[in-house]
Amino acid sequence: MLLRAASLSPKASLLLSHFCKSSNSLLHHSNRVSCFRQRHAFSKSPMSMERRARQFSSASAEAVLDENSTGLSKRMSKKLRRHAPDMILRVSLDRCSKNGDLAEALRLYEEAKADGVELNQHHYNVLLYLCSLKGGENLEMFDKGFEIFEQMGVDKVAPNEATFTNISRLAASKEDPELAFGLVKRMKDHGIAPKLRSYGPALFGFCKKGMADEAYEVDSHMLGSRVVAEEAELSALLKVSSDVERDGRVYEMMHRLRAAVRQVSEETAAVVEEWFGSRKAGEVGAGKWDVRGVERGVLEGGGGWHGQGWLGKGGWSVARTRMSEAGVCQSCGEKLVCIDIDPRETENFAKSLAELASEKEAQSNFAQFQEWLQRHGPFDAVVDGANLGLANQRVFNFGQIKRVVNQLCRISPSRKLPLVVLHQARVRNGPAQEPNNKRLLESWKNAGALYATPQGSNDDWYWLYAAVSSKCLLVTNDEMRDHVFNLLGNSFFPRWKEKHQVRIKYSSEDGLALHMPPPYSIVIQESEQGRWHIPTVTGDDLEAPRQWICATRARPDI
């Protein structure tokens, strides 16, 4: 300590002397702050924020200002900043947010105002968030929330997207979607881009009230702001359109669902079934239509839909059904189509996948894999070795991988071995050291059919990129639903997966069996005869086949 003091400037030495003389008071101050934090900051202490603010000694204030004198003041600055009234308030409000304690948050707010503590955007957003949570339970919170929002303007604290979203939710809790929508419009005046959640209170509020035109206006505003509706929003628009018998809008929402989500949730499935079972659905539709026009629409749309409007006359027969392995509906007997993927989409997806993988993995490691793939690929199939070796096993089983590799080799157009991707630890340790497994791995390596991913890497990026870039089959029972695959989005990846994923089924009689991708597309399909087939999310594995909704005219006039 003496050595440090000797090296300080005269000004710093004076400050340090002051701090040393005040060490007892600083220690006392630190203990009091710790006590406040342990006792939930303000909840049980009668001391006001103003008195807490006065506890900062003059020596502390000088140390905060003297940033250039020594590193000591910077450390002290950070320490004192943590104990500043606004920071203590932030910590306490965050605790209230976590616990959903609005009453305590409002008490802290009133005390802060009385003590002259300057509130920032975060403080106000937490308060508004808690008010929006409780607004539906207590309408007094509606008035309180808007009072806080107005005070935010008085204090000249700039709002952000979260501010407007919270106050819009508060408006929705009072069943005032007009106010909620007005707040979204005000966001642009502040240069704030709305998000999907910003529109929810207004859109769902109008739909709940059956105010279809207003809901369509919100939807139009979303499109103008380049905000893409997801299933919840489209389902709400579909229901309100069905309820007010806007058949054209129902038709539009069905196709937007097809493009956006492909398979529908049970909640949306119920809305779809309600529409097809309605009187209005049976009344609309063309008895005769331009067959060539419909065929042209199917061709231009890429297959599976035509977009020419409702076809046929009469009521609808609606059933839950399944598809055969060939894609034939077990209810109406119509065969579903396979919708091709644009090769350019695959190439773009491979590029974006490589960029994402390089961000998540060590860039040099993934770059080496790409170079290796250029030399040894492309392949007809890629095997997720870890998933296959552990399937239905307690100990890693190389024999299972070998049997699948041999089956794939037999059906391969080039008779080439598939690429097996395994982590480095799987290739070097454990069962890999057994003589037979060692010889097997060596043979795959010599054939350029084995890639060992480096230590600390995630195998998923490697086998997925290899399959996409090779435009080949991918053998894995991994459902590919975790956070890694969520990064890939809901547009192209689900379509690619359904056409390329090969699953493995085990049975005591047949052993291992390859289940190839279905020869049809799992997406809402509209046939040239006006039938509809809607895949649901119910059932999506080998044991429980997917359920479909089949809607066909009960008394077709075609």
Side-chain angles (χ1 to χ4, degrees), residues 161 193 195-197 226 228 230 260-262 341-391 396 401 418-430 432 441 444-445 448-504 517 540:
E161 183 273 333
K195 295 182 179 179
L196 181 60
R197 67 178 187 175
R226 297 185 179 181
V228 180
E230 296 181 355
V261 298
R262 299 170 69 77
I341 294 176
D342 187 336
R344 289 172 297 181
E345 285 188 281
T346 303
E347 291 174 9
N348 292 335
F349 182 63
K351 289 177 183 177
S352 62
L353 179 59
E355 291 172 0
L356 193 56
S358 296
E359 291 176 9
K360 302 299 178 182
E361 296 287 307
Q363 190 167 1
S364 58
N365 289 341
F366 200 78
Q368 288 176 10
F369 173 62
Q370 288 178 291
E371 292 172 5
W372 183 93
L373 203 57
Q374 285 285 341
R375 294 195 306 271
H376 296 87
F379 295 88
D380 293 329
V382 175
V383 176
D384 173 7
N387 179 269
L388 191 55
L390 286 170
F396 198 84
I401 304 177
L419 169 62
V420 179
V421 178
L422 279 168
H423 194 274
Q424 199 175 77
R426 294 286 184 196
V427 174
R428 294 180 177 177
N429 306 321
L441 290 168
W444 289 344
K445 183 178 179 181
L450 173 67
Y451 192 86
T453 58
Q455 191 69 29
S457 64
N458 187 333
D459 298 1
D460 297 355
W461 293 114
Y462 293 80
W463 49 253
L464 181 57
Y465 177 76
V468 173
S469 60
S470 293
K471 301 179 179 66
C472 69
L473 298 174
L474 171 62
V475 184
T476 181
N477 279 359
D478 191 325
E479 295 298 338
M480 294 182 268
R481 291 173 178 160
D482 63 21
H483 68 283
V484 169
F485 304 105
N486 287 335
L487 296 173
L488 303 176
N490 294 320
S491 178
F492 180 81
F493 182 54
R495 288 185 286 143
W496 181 89
K497 186 173 72 167
E498 77 179 28
K499 284 184 167 297
H500 292 84
Q501 184 179 7
V502 178
R503 302 185 189 188
I504 304 295
D540 185 22

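These values consider heavy atoms only, across backbone and side chains, with no hydrogens, waters or symmetry-generated copies.
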Between the main-chain N or O of D478 and the side-chain N or O of T476, is there a donor-acceptor pair closer than 3.5 Å? yes
Of all the heavy-atom pairs spanning V420 and G385, show the shortest one and how long it is. CG1-CA, 4.4 Å
Show your working on side-chain contact (heavy atoms from CB on, under 4.5 Å) between F493 and L353 and close with a plain yes or no. CA-CA 10 Å; F493 182 54; L353 179 59; over 6 Å; no
R503 vs E479, salt bridge (Lys or Arg N to Asp or Glu O under 4.0 Å): CA-CA, chis, key distance, verdict: CA-CA 10 Å; R503 302 185 189 188; E479 295 298 338; 3.7 Å; yes
So, for F379 and P418, which heavy atoms are closest and what is the spacing to 0.1 Å? CD2-C, 4.1 Å
Any heavy-atom pair between the side chains of T453 and W463 that's under 4.5 Å? no
Can we call the ring centroids of F366 and W461 under 6.0 Å apart? no
Could you check L390 against R426 for side-chain contact (heavy atoms from CB on, under 4.5 Å), going step by step and ending with a plain yes or no? CA-CA 11 Å; L390 286 170; R426 294 286 184 196; 3.4 Å; yes
Using side-chain contact (heavy atoms from CB on, under 4.5 Å), reason through F396 and N429 one step at a time and then give a plain yes or no. CA-CA 11 Å; F396 198 84; N429 306 321; over 6 Å; no
When you measure from the side chain of H423 to the backbone N and O of A452, does any donor-acceptor pair fall under 3.5 Å? no
Would you compute the distance between atom CH2 of W444 and atom CG of L419 and round it to the nearest 0.5 angstrom? 11.0 Å
Quick check for you: to the nearest 0.5 Å, what is the distance between T346 atom OG1 and H500 atom NE2? 6.5 Å
Measure the CD-CD distance between E347 and E345 for me, rounded to the nearest 0.5 Å. 11.0 Å
Contact check, side chains of S358 and Y465, non-hydrogen atoms, under 4.5 Å: no
Heavy-atom neighbours of R428 CZ exceed 12 at 6.0 Å: no
Identify the heavy atoms of L422 and D459 that sit nearest to each other, and give their distance. C-OD2, 4.2 Å
Closest non-hydrogen contact found for N477 with N387 is N-OD1, 2.9 Å
Which class fits the ring pair W496 and F349: parallel under 30°, tilted 30 to 60°, perpendicular over 60°? tilted
L474/M480 under side-chain contact (heavy atoms from CB on, under 4.5 Å): CA gap, chis, key distance, verdict: CA-CA 12 Å; L474 171 62; M480 294 182 268; 4.1 Å; yes
Does N458 offer a backbone N or O that forms a donor-acceptor pair with the side chain of E361 under 3.5 Å? yes
For R226, does the CZ atom have more than 12 heavy-atom neighbours from other residues, nucleotides or ligands under 6.0 Å away? no
Pairwise distance OG(S457) to CD(Q424) - rounded to 0.5 angstrom: 8.0 Å
Within this structure, what is the CD-CZ distance for the pair E161 and R197, rounded to the nearest 0.5 Å? 4.0 Å
Rounded to the nearest 0.5 Å, what's the gap from CG on L373 to OH on Y451? Could you check? 9.5 Å
